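The model shown is predicted, which means the values in this text are computed figures rather than measured ones.
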Amino acid sequence: MPYDYQIIAAIFVGVFGILGILSALVDHRSPISGVIVVFCAVGLGYWAWVLSEGTLTLDEIPNAFFRIMGSVLNN
């Protein structure tokens, strides 16, 4: 699928963004950098949705992960 990389990147970037926000809040810093990273993850998710022509569902996430792992391990 042409949107596998965008789905997986959105998940990883989103997790790092959320962790950045939580870390900043615990340290009493401004969480603006984490918020920007989360917005980038949302943009990647939207890009994947556009590439899928609006048919993207949550069922595609594990399939995308395994397709990427399969392509990496075959090379």
Tabulate below the donor-acceptor pairs under 3.5 Å that side-chain atoms of residues 22-50 make, not counting sequence neighbours, or state none.
residue: Ser23; atom: OG; partner: Arg29; partner atom: NH2; Å: 3.4

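Pairs engaging residues 3-19 under the side chain to side chain donor-acceptor pair (under 3.5 Å) rule: Asp4-Arg67 [sequence neighbours left out].
Residues Leu51 and Ile7 are members of one and the same hydrophobic cluster, defined by side-chain heavy-atom contacts under 4.5 angstrom among Ile, Leu, Val, Met, Phe, Trp and Tyr. Both Leu56 and Ile61 are part of a single hydrophobic cluster, where members link through side-chain heavy atoms under 4.5 Å apart. The hydrophobic clustering, which links ILVMFWY residues whose side-chain heavy atoms are closer than 4.5 Å, places Phe66 and Ile68 together. A chain of hydrophobic side-chain contacts below 4.5 Å, direct or via other Ile, Leu, Val, Met, Phe, Trp or Tyr residues, connects Val72 to Ile8.
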